[in-house]
Novice: 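My structure is below; once you've seen it, I'll send some questions.
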Amino acid sequence: MHFRGYMGMLLLLLFMMPAASLRAQVFDNSRQVDTLSIAERISIRTNLVDWGLTVPNIGVEFDLRKENWNRYAVGINLRYRPRTSGTYVRPFVFNLFEATLEGRHYWHERKAEPSGYLKRHRHWIDKVFSCRTMMPSHPRWIFYRGGYVSYSDFSMLLGNNGWQGQAILAGFTWGFIKPFVAFQNGNSIDLEFGFSAGIGVNKYDNYTINEYTNCYPRTGTHGWGFIPYPVVREIRAGFVYRLGNYPIQKKYRWRYDVDMDYRNKRDSIYNAWLAAREQKYIRDSIYKVVAQEFKVLYDSCVDSRHKMEQDDIDAKAPKRITQDSIKLRKQFIRDSIAARKDSIAREKAIKAGKPIPVGKYTAKEQKIKTAKASAEKAKAKQVANRDKAKIAAIKAKAAKEKAKTVSGKTTTAASTTNNTRGNAKKEEDDSAVMSDKEAKKLLQQQKAERAKAAAERAKARIAAQREARKAGTKK
């Protein structure tokens with residue numbers, strides 16, 4: 001069936017309806033909740049733009065709730081252009097099947113109020129999706145917005161390049177519906193305008209035309225992947241046929257306008273919110289006033305206390321300053337007089353050729369030097385006494401060894417007693433003298449050996465430290 005056949009059937013259905021059965025559609029301002037039947041919740045639509053592209057299409061929509069204040073609906077749309085067959089290769093191919101699931105939110109424009117529950121939205125996001133205007137420009141139009149998901153199987157050939165595959169799309173839909181005509185039996189027809197656009201994924205094969213073999217050879221294959229640009233799925237300009245005795249002017253009402261119980265509830269909630277906000281404002285205002293007065297009073301008390309403390313300090317300050325200055329001046333005078341006396345005494349001693357006397361300021365240092373000298377003398381004396389004790393011990397030890405040696409010898413001549421005694425006494429004195437020299441020499445040798453041992457130990461310690469540092473550096 002070609003394009004002229006499709007359009008002929010559509011026009012035939014429209015003009016078969018008698019003109020006497022048409023009546024004007026009037027906007028409904030009644031404030032009551034109506035219950036819709038199943039038929040009144042169903043609408044059938046078609047898009048003339050698709051018909052103009054020789055693509056037959058039809059859609060069915062169903063309202064989610066049965067009340068006239070329901071504003072949500074779901075629908076399914078089908079587009080199908082069947083494959084054509086023939087005995088020759090066609091230079092142009094356009095085959096399409098598409099199924100779309102769509103959800104919509106309908107609304108009428110509302111007149112916003114300067115104050116109250118229906119104030120105009122102020123946030124920019126709310127303004128984009130707001131249905132409230134200060135002066136509704138299209139009170140008879142019904143706007144909608146929503147989303148869709150679609151699956152399509154397509155095949156297109158333009159010139160020598162062809163594409164055949166599947167696609168899955170998802171996106172946003174927007175538009176408006178204008179009442180067109182109503183029939184005496186309650187059914188009505190509306191005009192619909194809008195568009196749908198979004199993103200999607202697809203897979204397809206490339207093919208071309210071969211007139212010699214009378215076929216379409218495939219030239220490439222592409223798997224599933226995102227489409228790198230926005231996709232306009234549909235541009236709508238069509239008709240909507242509504243069943244039942246409930247045209248679109250009565251449907252998709254604001255619940256606040258038709259459900260009085262709901263309206264009273266919303267008003268009570270809003271009034272309670274306003275009352276709570278006003279009470280909070282009053283509480284905050286009272287708190288601010290009390291806090292400000294308390295702050296002023298507290299600051300005044302603190303300032304007065306600080307002033308009293310400062311006055312007390314200022315009252316005592318001159319007396320304290322005077323006493324301190326008097327003490328300092330007296331000390332300065334005393335120091336000046338003592339320094340002058342010391343300088344005069346030095347000058348007199350220099351002129352007389354006498355030793356320079358110690359002044360007041362150097363007496364303390366002289367005492368410290370004297371104490372240090374006394375301490376050094378006492379230390380030297382202790383060292384000398386210790387050396388003397390060591391020498392005495394060495395002497396005693398040498399005398400004891402000598403006495404053992406002399407006692408072992410036998411005296412051979414008794415006649416020489418006097419000479420022997422004299423010689424023995426002389427030898428004993430010489431031995432005693434030699435023992436002192438030997439003791440001093442031995443003590444010096446011991447000191448030298450100890451100093452040498454200490455130097456060797458220090459040298460070994462320094463060498464060990466150097467080796468340790470070298471080892472640590474290597475690590």
Side-chain angles (χ1 to χ4, degrees), residues 320 323-407 422-475:
R320 187 185 305 111
Q323 292 176 356
D324 294 341
S325 62
I326 290 171
K327 289 180 181 180
L328 292 173
R329 186 166 182 78
K330 286 181 179 181
Q331 185 66 31
F332 177 74
I333 292 170
R334 286 196 298 270
D335 294 342
S336 300
I337 292 170
R340 181 63 179 167
K341 286 181 179 181
D342 291 344
S343 62
I344 292 170
R346 289 194 190 92
E347 291 177 359
K348 287 181 179 181
I350 292 170
K351 289 180 180 179
K354 295 179 180 180
I356 298 173
V358 179
K360 180 181 178 181
Y361 296 101
T362 58
K364 194 172 186 179
E365 296 179 359
Q366 190 66 31
K367 288 181 180 179
I368 294 171
K369 289 181 180 179
T370 304
K372 286 183 178 180
S374 300
E376 289 177 356
K377 287 180 180 180
K379 188 176 181 181
K381 190 174 181 180
Q382 289 178 0
V383 173
N385 292 332
R386 188 167 57 249
D387 292 341
K388 287 181 180 179
K390 290 181 178 180
I391 291 170
I394 292 171
K395 283 181 178 181
K397 186 176 181 181
K400 189 175 180 180
E401 291 178 355
K402 190 174 182 180
K404 287 181 180 181
T405 304
V406 171
S407 63
N423 294 330
K425 185 175 182 180
K426 187 177 180 180
E427 289 177 2
E428 186 177 353
D429 293 336
D430 294 338
S431 299
V433 172
M434 293 301 291
S435 298
D436 292 336
K437 291 181 180 180
E438 290 176 357
K440 288 181 180 181
K441 189 176 181 181
L442 182 62
L443 182 61
Q444 290 177 0
Q445 290 178 357
Q446 290 178 354
K447 287 183 177 180
E449 290 176 357
R450 285 198 296 271
K452 187 177 180 181
E456 291 179 355
R457 286 196 300 271
K459 188 176 181 181
R461 186 169 60 254
I462 292 170
Q465 291 177 356
R466 288 179 180 175
E467 292 294 333
R469 283 198 295 270
K470 288 182 180 178
T473 305
K474 290 181 179 180
K475 288 181 180 180

Novice: Please report the interatomic distance NZ(Lys381) to NZ(Lys377), rounded to the nearest 0.5 Å.
Specialist: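 Spacing of NZ (Lys381) from NZ (Lys377) equals 11.0 Å.
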Novice: Report the residues that fulfil side chain to side chain contact (heavy atoms under 4.5 Å, CB included) with Ile333, sequence neighbours left out, ordered by chain and then residue number.
Specialist: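 Checked Ile333 against side chain to side chain contact (heavy atoms under 4.5 Å, CB included); matches are Arg329, Ile337.
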Novice: My understanding is that only residues two or more places apart in sequence, or in another chain, count here; which of them pass side chain to side chain contact (heavy atoms under 4.5 Å, CB included) with Glu456?
Specialist: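 In terms of side chain to side chain contact (heavy atoms under 4.5 Å, CB included), with neighbours along the sequence ignored, Glu456 is linked to Lys452.
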